[in-house]
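A short worksheet on the structure shown next.
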Amino acid sequence: SSMKRDIKPNDEAERFLKLKDSYGFTAFKWRVGSENGRDIDEWPGRTEEVVEIVSKKLGPDVDKLVDANSGFSPKKAIEVGKMLEDNGISHFEEPCRYWKLEETKQVRDSLQLDVTGGEQDWDLIVWQKMIEINAVDILQPDIMYMGGINRTLKVVKMAENAGIPITPHSANLSLVTICTMHLLKAINNPGKYLEFRRTHIPHRYILMAERIWIEDDEGVRYMKNRNPYHSAVIEPNSVDLKEFTWIKLSSTNVDHLHGI
């Protein structure tokens with residue numbers, strides 16, 4: 001999963017090809033539009049260019065996914081979605097303003113590819129509505145944004161009852177990656193992918209006593225570490241609790257947060 005929008009399309013394609021050749025990855029996701037862009041591209045023509053160039057260079061044997069980060073109106077998202085379909089892209093993530101579920105539903109109802117979303121959401125009432133109106137084809141809860149495994153499993157169960165797969169958002173290379181591996185192995189409706197961030201984040205490696213890496217198991221590439229059950233060991237010297245400011249929430253503060 002590439003997090004970059006300031007990269008030139010040819011450079012993005014070359015990064016992906018190196019990963020494909022080095023590690024055997026068979027799926028890649030990149031960015032289109034501009035985050036909350038209101039139909040304004042990162043620069044004029046970038047979306048069309050990056051879709052065409054990256055798709056062509058990756059070829060037909062690689063799964064291709066894109067993320068718009070709430071970048072488009074429904075009309076523009078449908079236009080972009082049809083272009084994605086023409087270029088063999090199967091996953092269109094967060095095409096419209098994520099808090100406007102009806103906008104995303106318009107896009108889903110107009111396209112054949114999978115329209116996905118949910119990474120920003122935590123309220124179970126919103127998840128229920130998302131499912132009830134068929135706003136997306138695939139749900140993408142983030143375990144950390146959700147507040148942990150227990151609440152995420154509630155969303156998973158709602159999705160399972162509706163026949164909807166779960167492809168969690170896990171774009172931050174951290175404990176969310178470990179937790180998402182656990183989740184995908186434990187549920188009945190996992191999606192096709194475990195999201196793994198491409199962009200290097202040195203400070204997150206400092207937290208881990210042992211790194212996560214890619215390992216080949218009978219031709220399958222996946223992430224694991226030396227500890228059993230995909231566990232993680234935190235480097236004890238990496239965090240100084242004295243540096244943190246702790247805030248005690250009163251019941252009034254919590255009520256206010258729930259109302260946001």
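In this text the structure is predicted, and so the values were computed from the model without any measurement.
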Between Lys57 and Glu14, does any NZ, NE, NH1 or NH2 come within less than 4.0 Å of an OD or OE carboxylate oxygen? yes
May I ask you to decide if the ring planes of His91 and Tyr193 are parallel, tilted or perpendicular, using 30° and 60° as cut-offs? perpendicular
With no hydrogens and no angle check, do the side chains of Ser70 and Glu94 hold a donor and an acceptor under 3.5 Å apart? yes
In sequence, state the C-alpha distance, the side-chain angles, and the governing distance for Glu102 and Lys129, and then conclude on side chain to side chain contact (heavy atoms under 4.5 Å, CB included). CA-CA 10 Å; Glu102 291 79 6; Lys129 181 180 179 182; 2.9 Å; yes
State, with a plain yes or no, whether a side-chain heavy atom of Glu195 is found less than 4.5 Å away from one of Thr167. no
Evaluate side chain to side chain contact (heavy atoms under 4.5 Å, CB included) for Val155 paired with Leu124, printing each intermediate quantity in order. CA-CA 7 Å; Val155 174; Leu124 296 177; 3.8 Å; yes
Please tell me if the side chains of Asp41 and Glu48 come closer than 4.5 Å, counting only heavy atoms from C-beta onward. yes
Tell me whether Trp99 is reachable from Val107 by hopping between hydrophobic residues (I, L, V, M, F, W, Y) whose side-chain heavy atoms are closer than 4.5 Å. no
Nearest 0.5 Å please: distance from the CD1 atom of Ile143 over to the OG1 atom of Thr180. 4.0 Å
Indicate, with yes or no, if Ile138 and Ile166 share a hydrophobic cluster defined by side-chain heavy-atom contacts under 4.5 Å among Ile, Leu, Val, Met, Phe, Trp and Tyr. no
Separation between CD (Glu93) and CD (Gln140), nearest 0.5 Å, reads 3.5 Å
Side chain to side chain contact (heavy atoms under 4.5 Å, CB included) assessment of Leu101 paired with Val126: CA-CA 9 Å; Leu101 297 179; Val126 174; 4.2 Å; yes
Looking only at non-hydrogen atoms, find the nearest pair between Ala68 and Phe92 and report the distance. CB-CE1, 3.9 Å
With a 4.5 Å heavy-atom cut-off, do Arg15 and Trp30 have their side chains touching? no
For His169, the option from Tyr145, Phe196, Trp122 that meets ring pair (Phe, Tyr, Trp, His ring centres under 6.0 Å): Tyr145
So which atom in Gly191 and which in Pro165 form the shortest heavy-atom distance, rounded to 0.1 Å? CA-CB, 4.3 Å
Is any side-chain heavy atom of Asn150 closer than 4.5 Å to one of Lys154? yes
For the residue pair Asn69 and Arg31, confirm or rule out a side-chain donor-acceptor distance under 3.5 Å. yes
Under a 4.5 Å cut-off applied to non-hydrogen side-chain atoms, are Arg97 and Arg38 in contact? yes
Any donor-acceptor pair under 3.5 Å linking the side chain of Asp39 with the backbone of Ser73? yes
I'd like to know if the side chain of Lys64 and the backbone of Gly59 have a donor-acceptor N/O pair within less than 3.5 Å. yes
Should Ile78 and Ile40 be regarded as members of a common hydrophobic cluster, given that ILVMFWY residues are connected when their side-chain heavy atoms come within less than 4.5 Å of each other, either directly or indirectly? no
Closest approach of Thr104 to Cys96 (non-hydrogen atoms, all atoms of both residues): OG1-CB, 4.1 Å
CG of Leu194 to CG of Leu183, rounded to nearest 0.5 Å, is 10.5 Å
Look only at the side chain of Arg46 and the backbone of Ser34, and say whether a donor-acceptor pair between them is shorter than 3.5 Å. no
Using only atom types and a distance under 3.5 Å, with no angle test, would you say the side chain of Asp142 pairs donor to acceptor with the backbone of Glu119? no
Just by modelled atom types, is the Gly33 backbone N or O under 3.5 Å from a matching donor or acceptor in the Thr47 side chain? yes
What distance separates Ile131 CD1 from Leu139 CG, expressed to the nearest 0.5 Å? 5.0 Å
Val51 and Phe72: same hydrophobic cluster, using ILVMFWY side-chain contacts below 4.5 Å? yes
dist Lys56:NZ -> Asn87:CG (nearest 0.5 Å) comes out at 10.5 Å
Is it true that a side-chain atom of Asp123 and a backbone atom of Ile125 form a donor plus acceptor pair closer than 3.5 Å? yes
Is it the case that atom NZ in Lys20 sees more than 12 heavy atoms from other parts of the structure closer than 6.0 Å? no
Could you tell me whether Glu85 and Lys82 make a salt bridge, using a distance below 4.0 angstrom between a side-chain N and a carboxylate O? no
Worked check of side chain to side chain contact (heavy atoms under 4.5 Å, CB included) between Leu58 and Leu17: CA-CA 7 Å; Leu58 287 178; Leu17 289 173; 4.2 Å; yes
With a cut-off of 6.0 Å (strictly less than), are more than 12 heavy atoms of other residues, nucleotides or ligands near CD of Gln128? yes
Is the closest side-chain heavy-atom distance between Val54 and Phe28 below 4.5 Å? no
Kindly compute the distance separating CD1 (Ile133) from NZ (Lys105), expressed to the nearest 0.5 Å. 6.5 Å
Would a hydrophobic clustering, with Ile, Leu, Val, Met, Phe, Trp and Tyr connected at side-chain separations under 4.5 Å, put Leu184 with Leu65? no
Here the pair of heavy atoms bringing Met130 nearest to Gly117 is SD-O, 4.3 Å
pair Asn10-Ile53: side-chain heavy atoms closer than 4.5 Å: yes
Decide yes or no for Ile187 and Leu153: does some side-chain heavy atom of the first lie under 4.5 Å from some side-chain heavy atom of the second? yes
